[in-house]
Amino acid sequence: MKSNEIDIHKELKKYFGFNQFKGLQEQVIRSLISGKNTFVIMPTGGGKSLCYQLPALMKEGTAIIVSPLIALMKNQVDAIRSLSSENGIAHVLNSSLNKTEINQVKKDITSGLTKLLYVAPESLAKEEYIKFLKNINISFVAIDEAHCISEWGHDFRPEYRNLKNSIKLLGNAPVIGLTATATPKVQEDILKNLEMADANTFKASFNRPNLYYEVRTKTKNIESDIIRFIKQNKGKSGIIYCLSRKKVESIAQVLQVNGISAVPYHAGLDAKTRAKHQDMFLMEDVEVVVATIAFGMGIDKPDVRFVIHHDIPKSLESYYQETGRGGRDGGEGHCLAYYSYKDVEKLEKFLSGKPVAEQEIGFALLQEVVAYAETSMSRRKFLLHYFGEEFDTESGEGGDMDDNVRNPKNKIEAKDQVVKLLEMVRDTKHLYKSKEIVFALTGKVNAMIKAHKTDTQPFFGCGSDFEERFWMALLRQVLVDGLLSKDIETYGIIKITDSGLDFIENPKSFMMSEDHEYNETEDEAIVTAAKSSGVADETLMVILRDLRKKVAKKLGVPPFVVFQDPSLEDMSLKYPISMDEMSNIHGVGEGKAKKYGKEFVDVIRNYVEENDILRPDDLVVKSTGANSLNKLYIIQNIDRKLSLDDIASGKGLNMEMLIKEMEQIVYSGTKLNIKYWIDEILDDDQQEEIHEYFMESESDSIEEALKEFEGEYDINELRLMRIKFISEVAN
């Protein structure tokens with residue numbers, strides 16, 4: 001055994017230049033070299049690939065590596081080839097090759113040169129490949145990203161389900177399955193499907209002590225918040241994950257416009273652009289990559305310093321794997337997720353189109369994400385419990401590395417409520433998932449409760465003095481404490497454990513943290529230095545209103561013509577002190593800034609200096625001008641005196657939407673000459689009457705104008721006249 005030990009370390013040094021193995025690598029490699037089926041659960045960044053690369057280089061024959069992504073295979077093949085003078089040492093066999101390349105691969109394998117052959121699961125289903133591979137010496141078969149086998153995995157691929165049949169056809173080479181995310185349910189599924197019940201299983205700890213977990217409310221100011229976060233982390237590399245390609249594009253644009261070097265990455269871009277953007281990120285030509293989940297499989301950048309989830313992911317596995325791309329070198333890794341229940345509802349809607357079995361799984365996985373976001377207990381403890389690992393926040397490494405531990409919520413004694421909850425699970429005979437348990441406690445009926453006649457039991461509604469939120473929060477914490485468990489087979493059914501039964505007999509103190517309440521109407525994510533509530537500076541607001549009045553009087557126009565109230569509020573929130581910043585204020589375009597901005601900028605600058613105000617510079621988020629193409633189209637066609645109906649239909653807008661766009665254009669300071677159109681619908685006297693009204697009015701409110709004219713004009717006529725008025729008088 002001793003000589004074997006020297007060998008394996010010598011080989012490690014020879015091929016990879018390392019002096020020692022990391023974590024469980026050595027045990028895994030010994031298991032595989034001795035010909036045993038092996039199953040490895042190791043978090044992202046734990047060094048999984050070495051577990052099959054080194055044995056493949058050491059053993060006789062060719063190792064078959066099944067991998068789900070072509071890009072991933074390519075990266076790994078390049079890495080192996082860099083260790084050897086022979087290019088043929090590693091090959092890919094997939095749909096990206098032509099006939100000549102396939103023949104070369106076969107030649108290198110037959111001559112014994114190739115030690116690692118990377119294949120897609122689809123390739124193993126092809127008869128011609130199976131026929132060829134049957135006649136070669138296979139050292140072992142490795143299945144990377146093995147969670148793709150399980151429907152409970154976050155990345156299920158039906159073609160992975162058939163792998164065991166293909167492997168059987170290849171003879172009886174040992175199999176190694178590897179995954180970076182495996183809840184107990186997924187592990188069971190993988191072993192069952194591959195018929196590897198006898199496998200040596202190695203499970204590394206899923207704790208990444210250097211990662212800091214944080215969840216923030218997703219408000220309408222999310223872009224400013226992200227920009228501020230990135231600017232505070234200047235010079236550091238980061239990834240922002242979004243669920244849709246459209247969102248990826250728009251966030252990347254917003255970042256670029258605001259002076260942050262960022263590129264988009266999603267499956268809709270052509271392969272060349274994707275490869276280019278990936279390289280730019282790896283080579284640090286850009287700081288940030290904004291991506292869908294298509295990005296990151298096999299990305300080996302060790303110094304990603306932050307991972308932001310603009311949208312909450314579909315499962316905790318995805319979340320864990322994506323956050324796991326941060327801080328792989330053991331350095332700082334800030335994992336920031338934005339949470340809004342609206343996003344969850346969107347994902348649920350998306351699921352409703354799927355087959356029933358898939359829906360159930362999807363909903364169950366999504367509920368775990370909601371629980372993680374809303375919980376007020378240690379996020380690390382919650383995550384690790386989900387992966388079947390216990391964590392002690394007091395003594396565990398990285399125990400204080402999350403927002404809930406650093407800013408703990410109030411705790412209340414809940415001993416009696418825990419007993420009620422445990423008795424409810426026991427007395428309803430382990431029939432229900434969390435939702436029904438909470439319903440039964442609060443006295444709410446649904447079809448399932450009716451079917452089991454729980455609503456006729458004396459204990460039904462015994463917890464109605466607390467609301468559903470309370471019971472749901474308590475249930476989560478009791479689960480993590482091990483007094484209840486979720487059944488693996490019937491994913492989601494709640495059962496009582498022996499410690500739970502013991503607690504009913506001998507209750508003891510149970511301090512419960514109250515869950516977060518995420519209120520999306522508040523802009524609490526935006527904290528300005530002047531006003532932490534995100535509300536405009538009232539004192540400045542008064543000063544600006546007075547100035548507006550003075551300017552309006554001098555020009556002989558109503559105050560709203562100069563700037564509308566929302567623009568003043570925005571100035572009182574963002575303190576623009578240059579003309580550039582002024583033109584980014586809500587409702588103020590370049591034209592308007594030029595015309596009226598200087599006096600306002602001077603007043604704000606003085607105010608900021610006199611009151612020592614620390615300005616939230618990065619809250620002045622420049623817009624991408626995504627709508628500017630629409631605006632340009634409208635301005636050009638009004639210049640050509642085209643009918644408004646035609647202009648609207650040309651961009652797929654209705655009249656309401658077109659008028660709204662036109663209002664934004666004139667309120668930002670650009671002239672629109674729509675007299676030609678108004679002449680068609682109102683005569684000169686009518687136009688004069690409405691013009692006079694706006695000239696003398698204190699406000700430009702259409703509601704008030706409608707009241708004043710008592711139905712003489714309809715809403716669109718008044719809005720169009722207001723556009724004409726602002727255009728002529730203000731711009």
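Of the listed residues (K554, R605, R548), just one forms a salt bridge (charged side-chain N to carboxylate O under 4.0 Å, His left out) with E599, and that residue is K554.
Between R719 and E656 there is a salt bridge, since at least one side-chain N of the basic residue sits less than 4.0 Å from a carboxylate O of the acidic one. Between K671 and E728 there is no salt bridge, since none of the side-chain N atoms of the basic residue sits less than 4.0 Å from a carboxylate O of the acidic one. Contact check on E284 versus K301 returns a salt bridge, with a Lys/Arg side-chain nitrogen under 4.0 Å from an Asp/Glu carboxylate oxygen. Using a cutoff of 4.0 Å between basic side-chain nitrogens and carboxylate oxygens, D225 and R216 are scored as salt-bridged. Contact check on D311 versus K218 returns a salt bridge, with a Lys/Arg side-chain nitrogen under 4.0 Å from an Asp/Glu carboxylate oxygen. With salt bridges taken as basic N to acidic carboxylate O contacts below 4.0 Å, none links K549 and D546.
Remark: side-chain polar atoms of Q256 are paired, donor with acceptor, to backbone N or O of A262 under 3.5 angstrom. Within the 3.5 Å criterion, the main-chain N or O of D646 finds a donor-acceptor partner in the side chain of S643.
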task = Show your working on side-chain contact (heavy atoms from CB on, under 4.5 Å) between V248 and I240 and close with a plain yes or no.
result = CA-CA 8 Å; V248 164; I240 300 175; over 6 Å; no
message = Evaluate D270 against T273 for side-chain hydrogen bond (donor to acceptor under 3.5 Å, both in side chains), listing each step before the verdict.
response = CA-CA 6 Å; D270 60 86; T273 309; 2.9 Å; yes
task = Check the pair E374 / Y339 against side-chain hydrogen bond (donor to acceptor under 3.5 Å, both in side chains), numbers first and verdict last.
result = CA-CA 9 Å; E374 293 186 359; Y339 173 71; 2.7 Å; yes
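You'll find the ring centres of H334 and F229 inside the 6.0 Å limit. Aromatic ring centres of F281 and Y265: separated by at least 6.0 Å. You'll find the ring centres of H309 and Y241 inside the 6.0 Å limit.
Remark: Y676 OH is packed, more than 12 non-hydrogen atoms of other residues, nucleotides or ligands lying under 6.0 Å away. Surrounding CD of E696 are more than 12 heavy atoms belonging to other residues, nucleotides or ligands, all under 6.0 Å away. Summarising the local packing, NZ of K236 is surrounded by more than 12 heavy atoms from other residues, nucleotides or ligands at distances under 6.0 Å.
Using modelled atom types, one finds a donor on one side chain and an acceptor on the other under 3.5 Å when comparing D679 with Q687.
Ring pair F725/H691 is perpendicular by interplanar angle, where above 60° counts as perpendicular and below 30° as parallel.
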